Amino acid sequence: MEPILLELEGLEVNLGGKKILNGISLEIRKGDQWVILGASGSGKTVLARTLAGKHFFQGIITGSFEDLESFQKKVLLVDQQHRFKDLSNQSDFYYQQRYNAHDSSGTITVLEDLAAYPENMVTGFCKEELIGLFRLQELLSEPLIQLSNGENKRLQIVKALLTDHSLLILDQPFTGLDVEGRRLLSGILNRLSGMGEQMILISSTRDIPECFRRVALMAQGRIIRQGDPEEFRLAWTGMASQILLDKFPSRISFQFPDFGYAVRMKHVNVRYEGKFVLRSIDWEVKKGSCWNLSGPNGAGKSTLLSLITGDNPQAYANEIYLFDRRRGTGESIWDIKQKTGFLSPELHLYFDRSSTAYSTLASGLWDTIGLFRSLSEVQHELVLEWLDFLGFGQYRNTLLSGLPAGIQRMLLLGRAMIKTPPLLVLDEPGQGLDQEHIEGVKSLIDRYCETYGATLIFVSHYQEELPGCINRFLRLKNGCIV
């Protein structure tokens with residue numbers, strides 16, 4: 001039997017006066033690769049951050065090391081969300097910045113970011129090999145802020161593998177990766193395991209590489225079950241959602257004029273510094289149609305959506321009609337955003353983390369990244385109704401940054417819907433959610449579109465995340481419709 005690398009006994013963590021970890025006990029032996037599963041808010045990320053020395057704890061952590069503090073310095077945690085700094089060492093970016101060429105030049109490039117890391121690592125990969133394996137060659141000259149969600153994730157993992165460490169913890173590393181990216185990462189993790197890399201993976205049952213043979217299931221801050229991956233896959237097969245079963249909140253804040261097409265694009269092109277991101281896009285989205293927009297990382301999906309949501313100034317240089325009105329004919333950004341409910345990983349990343357659950361939902365009434373105006377009594381009651389509808393009434397005054405990522409994402413989905421817009425633009429809304437909540441989100445979107453006759457543009461790298469209402473498909477590759 002292999003020696004023990006890490007043993008946890010009675011681990012407890014309190015954050016904001018609330019017990020998040022409640023008596024965690026776990027034995028990790030050298031060579032064992034563990035997966036941590038659990039619903040949103042079960043304590044998975046807090047456990048990972050505690051092992052990396054980022055939270056104070058009660059209980060005992062022992063293992064094959066002399067000094068816990070020194071060991072924790074070599075526990076490398078790859079967070080679910082990645083934040084970077086600009087050339088002035090600041091990280092206060094805004095969501096639309098990636099689409100404004102004159103503002104994106106303030107961030108370093110991928111090549112400059114990687115220059116700080118050594119050429120080789122102890123596991124046998126060199127920097128050049130990792131750049132090739134993760135398909136970063138064509139991105140080396142790109143500013144960090146212009147990377148897609150999946151491209152950023154690939155870079156994040158490469159930097160982790162080039163950093164000296166004793167234990168690698170990956171928090172939802174498959175998030176944002178396309179099908180080929182997930183296959184690629186699984187193969188690399190299997191290869192790393194064969195080279196002796198010690199890993200803990202926080203993931204869902206659908207993304208467990210073969211090398212991970214041990215599973216711990218968490219609930220309410222405890223490990224309630226241990227076993228092998230297949231046991232847990234079978235347990236989740238056919239899971240039905242038990243959430244979001246009530247009627248929609250009855251109050252509706254806005255009434256919108258009728259239209260025939262939510263979106264019409266004619267020969268649309270977008271390029272930066274001579275490089276085409278979108279080329280010759282012709283697309284019509286009729287009122288009430290429900291579209292799945294797909295394509296590999298870097299295909300141009302987010303840029304296409306930014307033309308619809310009013311976040312990309314190149315919309316004015318193209319022939320684009322939103323709600324039967326051509327862009328650039330006197331409409332304001334508010335005219336566009338008022339009719340559109342939007343959610344994306346980037347919006348989540350740049351959202352005001354000092355917002356409470358209440359203000360996060362309320363900001364959807366005005367499409368601001370935070371709440372900066374007073375609500376009427378009717379609007380106040382609407383926000384409370386949505387909090388209860390989503391099951392988050394107890395978090396009304398809790399800071400967004402103090403909530404699990406899955407609950408943050410659900411609140412942002414509610415923010416997209418709260419004003420009952422006729423168009424929903426949802427870019428990977430299932431990111432960070434457990435399987436039960438994903439099923440609930442699908443049900444919620446189906447019922448929303450059926451109830452209000454809404455138009456939907458939905459992006460996901462997972463076929464099983466698509467709502468049943470999807471009836472049209474558009475796929476991009478290298479900025480073109482295929």
Side-chain angles (χ1 to χ4, degrees), residues 4-29 32-63 65 68-69 71-72 75 77-81 167 169-172 198-205 208 212 214-229 231-232 235-236 239 242-243 353 356-357 387 390-411 432-437 440:
I4 293 175
L5 172 73
L6 201 60
E7 186 170 11
L8 317 178
E9 185 177 346
L11 209 63
E12 295 187 357
V13 171
N14 291 276
L15 297 175
K18 181 180 179 182
K19 186 169 290 187
I20 307 299
L21 298 185
N22 187 14
I24 295 286
S25 296
L26 185 66
E27 181 182 279
I28 299 176
R29 294 189 174 272
D32 282 350
Q33 311 296 4
W34 280 82
V35 178
I36 309 296
L37 301 176
S40 301
S42 59
K44 306 184 297 297
T45 296
V46 172
L47 175 59
R49 293 178 63 82
T50 302
L51 295 179
K54 300 180 184 298
H55 293 309
F56 291 107
F57 67 90
Q58 293 178 309
I60 300 172
I61 300 179
T62 57
F65 48 81
L68 176 60
E69 184 177 354
F71 175 78
Q72 286 181 320
V75 175
L77 171 61
V78 180
D79 282 311
Q80 184 175 160
Q81 288 188 323
L167 175 63
I169 305 178
L170 300 163
D171 190 352
Q172 304 287 358
Q198 191 76 48
M199 295 176 285
I200 295 175
L201 173 68
I202 299 174
S203 186
S204 66
T205 54
I208 302 179
F212 290 88
R214 301 290 296 155
V215 178
L217 176 63
M218 291 190 64
Q220 298 180 335
R222 298 176 180 271
I223 292 177
I224 61 171
R225 183 178 169 190
Q226 299 181 30
D228 63 71
E231 293 178 44
F232 290 89
W236 259 297
M239 175 181 287
Q242 298 299 316
I243 62 171
R353 294 174 64 80
T356 63
L387 276 171
L390 293 172
F392 300 146
Q394 72 272 32
Y395 301 128
R396 173 181 172 178
N397 297 316
T398 304
L399 293 180
L400 194 66
S401 58
L403 292 170
I407 294 177
Q408 293 180 33
R409 184 58 60 92
M410 291 292 292
L411 285 166
L433 299 183
D434 58 78
Q435 190 60 42
E436 185 176 7
H437 278 87

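All values derive from a computational prediction rather than experimental measurement.
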Looking at Gln226, I want to see if its CD is surrounded by more than 12 non-hydrogen atoms of other residues, nucleotides or ligands under 6.0 Å.
yes
How far does [atom1] of [X] sit from [atom2] of [Y], to the nearest 0.5 angstrom?
X      : Y      : atom1 : atom2 : result
His55  : Leu11  : NE2   : CG    : 11.0 Å
Thr50  : Gln72  : OG1   : CD    : 8.5 Å
Leu5   : Phe65  : CG    : CZ    : 7.5 Å
Ile61  : Phe71  : CD1   : CZ    : 9.0 Å
Ile169 : Gln198 : CD1   : CD    : 10.5 Å

Name each donor-acceptor pair under 3.5 Å that joins a side chain in residues 42-49 to protein atoms two or more places apart or in another chain, with its distance.
unit_1	atom_1	unit_2	atom_2	d
Ser42	OG	Ala39	O	2.8
Lys44	NZ	Gly38	O	3.0
Lys44	NZ	Ala39	O	3.1
Thr45	OG1	Asp171	OD2	2.8

In chain order, what residues pass the ring-ring contact (aromatic ring centres under 6.0 Å, His included) check against Phe57, with sequence neighbours excluded?
none
Please table the atom pairs, donor to acceptor, closer than 3.5 Å between any side-chain atom in residues 390-405 and protein atoms at least two apart or in another chain.
unit_1	atom_1	unit_2	atom_2	d
Ser401	OG	Arg353	O	3.3

Is there a side-chain contact between Leu387 and Leu411 (heavy atoms, below 4.5 Å)?
yes
Heavy-atom check, side chain of Ile200 versus side chain of Leu51, under 4.5 Å:
yes
Compile the donor-acceptor pairs under 3.5 Å between side chains in residues 15-29 and protein atoms, sequence neighbours left out, one pair per line.
unit_1	atom_1	unit_2	atom_2	d
Lys19	NZ	Glu12	OE1	3.3
Ser25	OG	Gly10	N	3.2
Glu27	OE2	Arg29	NE	3.2
Glu27	OE2	Arg29	NH2	3.3
Arg29	NH1	Glu2	O	2.5

Heavy-atom pair with the smallest gap, counting every atom of Ile407 and Ser40:
N-CB, 4.4 Å
Applying side chain to side chain donor-acceptor pair (under 3.5 Å), can you list everything that pairs with Ser203, at least two apart in sequence or on another chain?
none
Side chain to side chain donor-acceptor pair (under 3.5 Å) against Gln33, all qualifying residues, sequence neighbours excluded:
Ser193
Considering the options Ile223, Ile202, Ile224, which one meets the side chain to side chain contact (heavy atoms under 4.5 Å, CB included) requirement together with Met218?
Ile223
